[in-house]
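Heads up: the structure comes next, in structure tokens.
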Amino acid sequence: MENSNNINSTDNVNNSSISVESILQRLNPPQLEATTIINGAVQVIAGAGSGKTRVLTTRIAYLITQGIKPYQILALTFTNKAAREMKERIANFVGSSLAERIWAGTFHSIFARILRYESELLGYSKNFSIYDQDDSNSLVKEILRELKLQSKEYQPNQIHSYISKLKNNLVSPEEYQQEVKSQYHKNVAEVYFKYQELLKTNNAMDFDDLLLNTLDLLAGNKEVLEKYQKQFKYILVDEFQDTNRPQYLIINNLAKAHSNIFIVGDDAQSIYRWRGAEIRNILDFKNDYPMCKMIRLEQNYRSTSNILDVAHSIIEHNKNQIKKKLWTENEKGDLIDVIEAEDENNEGEKIANQIIKLVENGFNYEGIAVLYRTNAQSLVLERSLRLRNIPYQVFGGLSFYQRKEIKDVVAYLRLLINPHDSVSLLRILNEPPRGIGRASLDHIIEYANTRDISLFEAFLYHNEITNLQSRAHLGVKNFIDLIKKYQEALDYYALDSAIPDFIQETGLLDMYKEIDSDETNDRWNNVMQLINDIIRFARENPNLSLNDYLQQVSLLTDFDVKDFVDGRVALMTLHTAKGLEFPAVFITGLEKGLFPIIRNRLSTEEEEEERRLFYVGITRAKKKLCLSYARRRSRFGEYQNQLPSNFISEIHQDYLNFIGKLKNTNSYSQNQYKSNSFLSGSDLKSGNHKYFPDEERDTSYSQLLEDETFHTGELVQHSHFGEGRIVGVMGSGQNMKITVDFKSVGRKQLMAAFAKLTKVKY
DNA sequence: TAAAAAATCGTTTTT
DNA sequence: CGATTTTTTA
């Protein structure tokens, strides 16, 4: 049996460009072991840059050549993008038709997929909504309002993160309710209770539920468990150090039938403990799989030995860690540069200078990353890079799908397939205004509560609600008619015709058009982009539904959506940088209080996690590492004096090369920055021509965009608006907007990152 | 009820 | 400082 499979897959291997055998030969002994021991439990401690991804992909390709069917392989990664890239690499070995069928994805997306098949067993219908943090907060907020708990002690996001913590520790509302003593916590317990209840009523799951419900499903249904145990004969988990308890229990349930489980991780790179990740999982693994083979990958292929030494000297300060020592055959390389800056603007400027120097010395823009602890730091850095015409790309932060107008449209769509989703309903109820105010709404909510029905059902019975004004009755009626109409339309019309009509009829677009401001124009354009995206999705996937589209969208992050573009410096948080590598890395804001970050006081555990984060940052660098800090930094509009981070003093000074040491001059006065600040993004919004005449904009930006795909004056093709000419480019990073003069509809501002424009050659 | 004015508060990090 | 939320007023 194995033989015939072998022949089949060998055919496939021969058809593709690279043979697995040739790759196996290039692995070092522990890598080879990790790749080819395919049966039983294997735990790999993979140091930074030790070829972990290579092992994972080669191993999966090897499994397939050994006759394992791709759908029998479950590979769990940390981001959708990592899964996608892994599949692409495996496709090089075994062809894309096989690679496509591997169950590779994030915990959340894979489990969402399983839950959709099995939802009815848990009392959910197939079209359940997935609530992101924002949605969950709204739900908590609504509950707090109902329970009259709207004081400072009860902040929706804090309460939600508390509930989330309880859920990740597998504490049910009932258990928590019995456990707590103080009135405050009793109230929290009640919110928790109500929250879970409402999620069920809404036919919705939050991010945590995707894990917990999967766990319940497998623990409570023998047949289902056996079905998936039988299917997933080989399980691989990447970034194991960042799994939380429910994730561990799920994998454990799935794997215990055959114990073919392969986990890769590095305790030194555990940076998500605040989100519930547990080191305990690594220790428990050895107990649950006593026969497990332990492999260490300690040879680093990425960094210079200087960089590696510095990383090691940092992580050594942590008490809690598995002892290991990375080594490399790479050259010593340069010292680590340290930049001292006057303030955050000066920091940005010096980094920009340094980047220019690096590029003069043979580095490419795309090989450079600027990392920071908090997203808020990116703004100043962006401005500095812009001033020096350095092209860049920001990852993370607020993504397209988190924009208000996009979330609104998505809420409309969710309501169509899951009308019980009260969070979505409340979100768009008065968007545009429909004459249903808070008073009316409270009556309807009360009606729903007393009858134990969903909010939408209460809307349907609005005629029964006596204390409603006639204006509210009319508003409600129009609203439910709209939803009902398009619920039916979905049965009869194709997605790509029904959805644009629906969104048109919601009145959202008209509302944006009525007020002619930059903001509403942007929103109008963004909604149009989304509509195009849906149309494209519908045409590319004729057998998939709106439900499929929505589930996909709700689990996407900015990082998943955005590809690295050549010729641009990458800006992102240290967390986002995990798993990546760059020839040159800048780590910014190394100041006390900022990195390591301090909220109240820093516990040893938290400090160690910050240190691991620093370690992650350092080990992203291949050739060049540069650290920077500022003497003062503005916070909430006011300057604060800063001290260098103790992380810098933890490095042996022999490794450091201080550049641009500060003299006590006033050359970087506030005034100078004030005068430059006209270049800031907010002033560049369209219509602000008093600051920016056309000629001036052209010269300053055509230089900036030298490496861009789009230049002023070029002809482009848009999937919806047709052909047009670029008349301006402004903003930058994920907010980069280009103004295009379309033949069909005239001038439009488009988000470059999402417009999917193609160039017209002439 | 909706728009305009005032007040508040924020900065961790993300699936 | 600037975005978001709450309060006031028409």
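This is a predicted model, so every value here is computed, not measured. The sequence lines fix the lettering, A, B, ..., with proteins before strands; numbering per chain opens at 1.
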Should A/Leu371 and A/Phe586 count as side-chain neighbours, where that means a heavy-atom distance under 4.5 Å?
-> no
Does the A/Thr619 side chain pair with the main chain of A/Tyr615, one donor and one acceptor, at a distance under 3.5 Å?
-> yes
Closest to the 5' end of DNA chain B, once A/Gln158 and A/Asp208 are matched to their nearest nucleotides, is A/Gln158
Nearest-Å distance for atom pair CG/C1', residues A/Asp206 and B/dT15 | 11 Å
Scanning all shown strands, the Watson-Crick or wobble mate of B/dT11 with both distances under 3.5 Å is none
Rounded to whole angstrom units, what separation is found between the CD atom of A/Gln377 and the P atom of B/dT13?
-> 9 Å
Distance, rounded to the nearest Å, where A/Gln402 contributes CD and C/dT4 contributes C1' | 16 Å
From C/dT6, B/dT13, B/dT15, nucleotide with atom closest to A/His108 side chain | B/dT15
What does A/Gln133 touch in the nucleic acid at a heavy-atom separation under 4.0 angstrom: a base, only the sugar-phosphate, or nothing?
-> base
Give A/Ala439 one of three labels, base, sugar-phosphate or nothing, depending on what nucleic acid heavy atoms sit under 4.0 Å from its own.
-> sugar-phosphate
Return yes when atom NZ of A/Lys165 has more than 12 non-hydrogen atoms of other residues, nucleotides or ligands closer than 6.0 Å, and no otherwise.
-> no
Qualifying residue, where the test is side chain to side chain contact (heavy atoms under 4.5 Å, CB included) with A/Asn137 and the options are A/Glu142, A/Gln155, A/Gln158, A/His160 = A/His160
Could you tell me the separation between the CD atom of A/Gln155 and the P atom of C/dT4, rounded to a whole number of Å?
-> 16 Å
Just to confirm, is there a sub-4.0 Å distance from OP1 or OP2 of B/dT14 to any side-chain nitrogen or oxygen of A/Thr573?
-> yes
When you measure from the side chain of A/Lys141, which nucleotide among B/dT13, B/dT1, C/dT6 comes out closest?
-> C/dT6
Side-chain contact test, heavy atoms from C-beta onward, threshold under 4.5 Å: evaluate it for A/Asn202 versus A/Tyr131 and give yes or no.
-> yes
Ranking A/Asn430 and A/Arg635 by the position along DNA chain B of their nearest nucleotide, the one closer to 5' is A/Asn430
Are any of A/Asn375's side-chain N or O atoms less than 4.0 Å away from OP1 or OP2 of B/dT13?
-> yes
So does A/Glu146 have more than 12 non-hydrogen atoms from other groups sitting under 6.0 Å from CD?
-> yes
Protein-nucleotide distance (A/Asn157, atom CG; B/dC9, atom C1'), rounded to Å = 11 Å
How is A/Phe107 classified with respect to the nucleic acid when contacts are heavy atoms under 4.0 Å: base, sugar-phosphate, or nothing?
-> nothing
Which value, in whole Å, describes the distance between the P atoms of nucleotides C/dT6 and B/dT11?
-> 15 Å
In whole angstroms, the gap separating C1' of C/dT4 from CZ of A/Phe636 amounts to 14 Å
Between A/Asp242 (CG) and B/dT13 (C1'), how many Å, whole number?
-> 11 Å
How would you label the contact of A/Ser109 with the nucleic acid (heavy atoms, under 4.0 Å): base, sugar-phosphate, or nothing?
-> nothing
A/Thr576 near the nucleic acid: base, sugar-phosphate alone, or nothing, with a heavy-atom cut-off under 4.0 Å?
-> sugar-phosphate
Distance, rounded to the nearest Å, where A/Tyr272 contributes OH and B/dT15 contributes C1' = 9 Å
